Student: 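One structure, pasted below without further comment.
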Amino acid sequence: MLKCQFAGLSARKEITSQFSCLTYRQLSWVEVQKRLLKTKNAPGSKFKEDTSGNHSSTKRPRETTSEDRESHREAPSMKAAKQPEKASEAINHGEATKTSEGFGHWSQGLKSSMQDPKMQVYKDDKVVVIKDKYPKARYHWLVLPWQAISSLKALGDEHCNLVKHMQKVADQMVQQCPHADTLRFRTGYHAIPSMSHVHLHVISQDFDSPCLKNKKHWNSFTSDYFIESQDIIQMLETYGKVTVKEGMSELLKLPLRCHMCHKELSTIPALKEHLKSHFPK
DNA sequence: GTTCTAGAAC
DNA sequence: GTTCTAGAAC
């Protein structure tokens, strides 16, 4: 039914503004999606009102002027969205009902973000792509399966084709990027992600972003904590499961080292200043 | 995941 | 004195 189409008008606007410098030649993939969109009404645009109501009441008292709050709008209920299956393998079901990490918990945020048409950049019958809410580089997307798969541990050989498709969509995101010719991209998973629901990072290697603020951010994308998508696929093909090595969290404490020239920098500000030499604006 | 802030580092 | 980090709280 739903084949490779963008989410809705707002998503279309967003992508148009983001890629405003695209040439017509570069637009080919985007154009295909747009034409598909024109021929069909986006079902995602008729989501119901937010019934979760968990975003405005329980926050601790704090100044509400910060702009990030604005982007924390919760998505409509998941029922309202087109989903191909009734989550027969909802591995996260038990965990989501725990009092500590229930639906309102921050770690469940991707589940609502991925349902939010305003966040969606691409979707098909198997996956959805959203822009990372706190991008750690000039381009930073997340590819998520509609199917509720809580983490890498929950992946089995039955997910092999799904994970391959996620990689394929990730590659397409890179191809349609206006700066794909000058920027390098990596696609991979965090060894121990903070957010529930399997998500594939597609991130440009400039790491030029105000949201990249600390050592954990840096090392999670530049050390072996970042597991290449291809390695995950290979693990699934070879062993039918994904095993994450021990001691991964220690990698987050490694000294700050430039991923380009391997120079060690003593502080995050120094690192950011150094990165400018590799990635001038 | 982010924000906030005490206190370490300079 | 300011800058920056790390850990608690969310």
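So you know, we letter chains A, B, ... as the sequences are listed, proteins then strands, and number each from 1. Side chains included, hydrogens not; waters and symmetry mates left out as well; all remaining heavy atoms used. Quantities reported herein were computed from a predicted structural model and do not represent experimental measurements.
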Student: Calculate the interatomic distance between A/H190 atom NE2 and B/dT2 atom P; express it in whole Å.
Tutor: 10 Å
Student: For A/Y134 and B/dT2, give me the distance from atom OH to atom C1', rounded to whole Å.
Tutor: 6 Å
Student: What is the distance from NZ of A/K133 to P of B/dT2, rounded to the nearest Å?
Tutor: 10 Å
Student: When the distance from CD of A/E101 to P of B/dG1 is rounded to whole Å, what number comes out?
Tutor: 13 Å
Student: C/dT5 P sits how many Å from A/L256 CG, rounded?
Tutor: 7 Å
Student: For A/K253 and C/dT5, give me the distance from atom NZ to atom C1', rounded to whole Å.
Tutor: 14 Å
Student: Where along residues 263-277 of chain A does a heavy atom come under 4.0 Å from DNA chain C, residue by residue in number order?
Tutor: A/T267, A/I268, A/P269
Student: Please name all residues satisfying salt bridge (charged side-chain N to carboxylate O under 4.0 Å, His left out) with A/D132, sequence neighbours left out, ordered by chain then number.
Tutor: none
Student: Can you tell me if A/K111 touches the phosphate of B/dG1, counting only side-chain N or O atoms and a distance under 4.0 Å to OP1 or OP2?
Tutor: no
Student: For A/D171, which residues count as a side-chain hydrogen bond (donor to acceptor under 3.5 Å, both in side chains) partner, sequence neighbours excluded?
Tutor: A/Q167
Student: Hydrophobic clustering (ILVMFWY, side-chain heavy atoms < 4.5 Å, transitive) - are A/L152 and A/I233 grouped together?
Tutor: yes
Student: Among residues 212-219 of chain A, which ones have heavy-atom contacts with DNA chain B below 4.0 Å?
Tutor: A/K213, A/H217
Student: A/D206: what forms a side-chain contact (heavy atoms from CB on, under 4.5 Å) with it, not counting sequence neighbours?
Tutor: A/A137, A/R138, A/L183, A/S204, A/D208, A/F279
Student: Please table the atom pairs, donor to acceptor, closer than 3.5 Å between any side-chain atom in residues 252-272 of chain A and protein atoms at least two apart or in another chain.
Tutor:
from   : atom 1 : to     : atom 2 : distance (Å)
A/R257 : NH1    : A/H262 : O      : 2.9
A/R257 : NH2    : A/E264 : OE1    : 2.9
A/H259 : NE2    : A/Q205 : O      : 2.7
A/T267 : OG1    : A/A270 : N      : 3.1
A/K272 : NZ     : A/S209 : O      : 2.7
A/K272 : NZ     : A/L212 : O      : 2.8

Student: Check ring pair (Phe, Tyr, Trp, His ring centres under 6.0 Å) between A/H217 and all other residues, then give those that pass, not counting sequence neighbours.
Tutor: none
Student: Please list, chain by chain and in numerical order, all residues satisfying salt bridge (charged side-chain N to carboxylate O under 4.0 Å, His left out) with A/K213, sequence neighbours excluded.
Tutor: none
Student: Between A/D116 and A/K118, is there a side-chain N and carboxylate O pair less than 4.0 Å apart?
Tutor: yes
Student: Give the rounded distance in Å between these two atoms: CG of A/L252 and C1' of B/dG1.
Tutor: 13 Å
Student: Sequence neighbours left out, what passes salt bridge (charged side-chain N to carboxylate O under 4.0 Å, His left out) with A/K216? Give chain and number order.
Tutor: none
